[in-house]
Amino acid sequence: MAQAIPDLGVKHLRAVVALARFGSFIAAASFLGISQPGLSRIIQQAEALLGVKLFARGTRSVSQTAAGREFIPAAERLLGELLQQTTKLRTRDGELRGQIIIACLMSISHLVLPAALVAFRKRHPKTYIHIREGLHSSVHEDVRGGVADFGIGNATGLHHDIAVDWLTKETCYLILPRKHRLGSRSTVLLKELTDEPMISMPTDSGLRRAIDVAASTAGVTLSHSIITNQFASILDFVSSGLGVSIVPAAALPPAEDRSFVVRSLRPAITREIGVLHLAERPLSPASEAFLGIFRPMFFAATESGKRSKGAGRARQRATDRRSAPRSA
């Protein structure tokens, strides 16, 4: 007689894999969107059905038993194969379905990401998108923890289990109020910002770190007078004359907005941006479809000649025309 197969369901497999990945009932329950007692019951059910203990519970953490270390890779493979087959079935009629969870830097989600989402939803209205905005550390954590299908963020300092799908270098620019004294320059030296009040991101931001490293290397001390983690606030504060700011190309204000002047910096400040995902989890068809729309939009936004210098010159010409004396 064939041996009976334990009546394990997808909920059991997902619970076991999540608890193994996070090592904490609190984190795993949050990821799964269920209560901690609910997760505990599901784990107990799985262990009872298998007839073995998969986890050793400590006062503050959870570790895998020998049986757990043997079973969990099989559970991950089963979930992965089920996901692949489900995706194939959902795309048979030519329409993508399901959900994409994207972890994204706030600087990218400010302008470029919304434009890509609009184009994507027009083509694939049956696919749902969940955006998790954050600083570079939270993007990395969401990807590594399996919370996000992929992340769009800094491609430096990555854990070995995170793969980079594509990589581009993004230049940062100085944004000034329209009538600022440095607005007449085509390029501003970093040392010229020594006495300027800066509108900046928090110290745990990857952008802020890149700026501080560049300033330190140049022997410059910047005055970070106002700190905010929202790029919309940065633009509002600069346009109000509260200070100047250094932002990546993808977060620059629209070229038609004449509240600002955009200028190049010397030495240049750059960052490496890529699409990040778990090496063991290839991108889904829905993710690939979205990135096919997002990539060219992001590249266009980071082209300095079109996005920044040209926009800055256009603003300056408009300012010059307004300030020139009119003939009688």
Would you call Val62 and Leu19 a side-chain contact if the rule is heavy atoms closer than 4.5 Å?
yes

Heavy-atom closest contact (Phe25 atom, Ser40 atom, distance):
CE2-CA, 3.8 Å

Which of Val247, Ile175, Leu174, Val244 passes side chain to side chain contact (heavy atoms under 4.5 Å, CB included) with Val238? Answer is Ile175

Spell out, as yes or no, whether a donor-acceptor pair under 3.5 Å connects the side chain of Ser240 to the backbone of Asp236.
yes

Going through the distances and angles, do Ile152 and Phe294 end up as a side chain to side chain contact (heavy atoms under 4.5 Å, CB included)?
CA-CA 10 Å; Ile152 305 171; Phe294 172 82; 3.8 Å; yes

Min side-chain heavy-atom separation Leu207-Pro248 under 4.5 Å:
yes

Stepwise salt bridge (Lys or Arg N to Asp or Glu O under 4.0 Å) test for Glu196 and Arg181:
CA-CA 11 Å; Glu196 292 291 333; Arg181 64 180 182 85; 2.8 Å; yes

Could you tell me if the side chain of His180 sits less than 4.5 Å from the side chain of Val261, heavy atoms only?
no

Give the intermediate values and the outcome of side chain to side chain contact (heavy atoms under 4.5 Å, CB included) for residues Ser109 and Glu133.
CA-CA 7 Å; Ser109 64; Glu133 301 176 71; 2.7 Å; yes

For residues Ile273 and Ile131: do they belong to one hydrophobic cluster (side chain heavy atoms under 4.5 Å, members Ile, Leu, Val, Met, Phe, Trp, Tyr)?
yes

What one should report as the nearest heavy-atom pair of Ile72 and Ala20 is CD1-CB, 3.5 Å

Distance only, no hydrogens: is a donor on one side chain within 3.5 Å (strictly under) of an acceptor on the other, for Ser259 and Asp257?
yes

Determine whether Leu113 and Ile101 fall in the same hydrophobic cluster, where Ile, Leu, Val, Met, Phe, Trp and Tyr are linked whenever their side-chain heavy atoms lie under 4.5 Å apart.
no

Take Val188 and Arg266 through the side chain to side chain contact (heavy atoms under 4.5 Å, CB included) test and state the conclusion after the steps.
CA-CA 6 Å; Val188 176; Arg266 291 291 179 273; over 6 Å; no

Quick check: is Leu54 connected to Val10 through a chain of hydrophobic side chains (ILVMFWY, heavy atoms under 4.5 Å apart)?
yes

Can Arg209 and Thr156 be counted as having a side-chain donor-acceptor contact under 3.5 angstrom?
no

How far apart are the closest heavy atoms of Ser287 and Asp149, and which atoms are they?
OG-CB, 4.0 Å

Show the nearest heavy-atom pair for residues Val143 and Phe150, with the distance to one decimal.
CG2-C, 4.0 Å

I'd like to know if the side chain of Glu170 reaches the main chain of Ala250, judged simply by a donor and an acceptor atom lying under 3.5 Å from each other, with no hydrogens or angles considered.
yes

Check whether Leu222 and Ile227 end up in the same hydrophobic cluster, where Ile, Leu, Val, Met, Phe, Trp and Tyr are linked by side-chain heavy atoms less than 4.5 Å apart.
no

Under 3.5 Å donor-acceptor, Ser225 side chain and Met198 backbone:
yes

Should the ring pair Phe22 and Phe31 be called parallel, tilted or perpendicular, given that the plane angle runs from 0 to 90° and is split at 30 and 60?
tilted

Is the backbone of Asn154 close enough, under 3.5 Å, to the side chain of His140 for a donor and an acceptor to pair up by distance?
yes

Applying side-chain hydrogen bond (donor to acceptor under 3.5 Å, both in side chains), name anything that partners His130, two or more places apart in sequence or on another chain.
none

Does Ser200 have any side-chain hydrogen bond (donor to acceptor under 3.5 Å, both in side chains) partners at least two apart in sequence or in another chain, and if so, which?
His224

Judged by atom type as modelled, is there a donor-acceptor pair below 3.5 Å linking the side chain of Gln44 to the main-chain atoms of Leu39?
no

Side chain Arg263, main chain Arg185, donor-acceptor under 3.5 Å:
yes

What residues, two or more places apart in sequence or in another chain, satisfy salt bridge (charged side-chain N to carboxylate O under 4.0 Å, His left out) together with Asp161?
Arg144

Residue Glu288 excluded, over 12 heavy atoms near CD under 6.0 Å:
yes

d(Thr221 OG1, Lys191 NZ) to nearest 0.5 Å is 14.0 Å

Assess whether side chain to side chain contact (heavy atoms under 4.5 Å, CB included) is satisfied between Leu283 and Asp165, documenting all intermediate values.
CA-CA 9 Å; Leu283 293 171; Asp165 185 56; 3.9 Å; yes

Taking the side chain as every heavy atom from C-beta outward, state whether Val52 and Glu47 have any atom pair closer than 4.5 Å.
no

Test item: Asp142 side-chain N/O and Ala148 main-chain N/O as donor-acceptor pair under 3.5 Å:
no

Heavy atoms, side chains only, cut-off 4.5 Å: are Thr228 and Ile234 in contact?
yes

Do Cys172 and Ile211 touch side chain to side chain, with heavy atoms closer than 4.5 Å?
no

Leu278 and Val17: same hydrophobic cluster, using ILVMFWY side-chain contacts below 4.5 Å?
no

So, the side chain of Ser239 versus the backbone of Leu235: is there a donor-acceptor pair under 3.5 Å, distance only?
yes

Residue pair Ser107, Arg271: steps toward the side-chain hydrogen bond (donor to acceptor under 3.5 Å, both in side chains) verdict:
CA-CA 12 Å; Ser107 57; Arg271 64 178 185 174; 2.6 Å; yes

Side-chain contact test, heavy atoms from C-beta onward, threshold under 4.5 Å: evaluate it for Met201 versus Phe231 and give yes or no.
yes

I'd like to know if the side chain of His124 reaches the main chain of Arg121, judged simply by a donor and an acceptor atom lying under 3.5 Å from each other, with no hydrogens or angles considered.
no

Might you point out which heavy atoms bring Leu8 and Ala46 nearest each other, and give the distance in Å?
CD2-CA, 3.9 Å

Ile100 versus Phe120: any side-chain heavy-atom pair under 4.5 Å?
yes

Using atom types as modelled and distance alone, determine if a side-chain donor or acceptor of Ser245 lies under 3.5 Å from a backbone N or O of Ile199.
yes

Drop me the distance from Leu291's CG to Met297's CE, to the nearest 0.5 angstrom.
12.5 Å

Just verifying a value: how many Å separate Glu141 CD and His159 NE2, rounded to the nearest 0.5 Å?
12.0 Å

Looking only at heavy atoms, the pair that brings Leu190 and Pro267 closest together is CB-CD, 4.0 Å

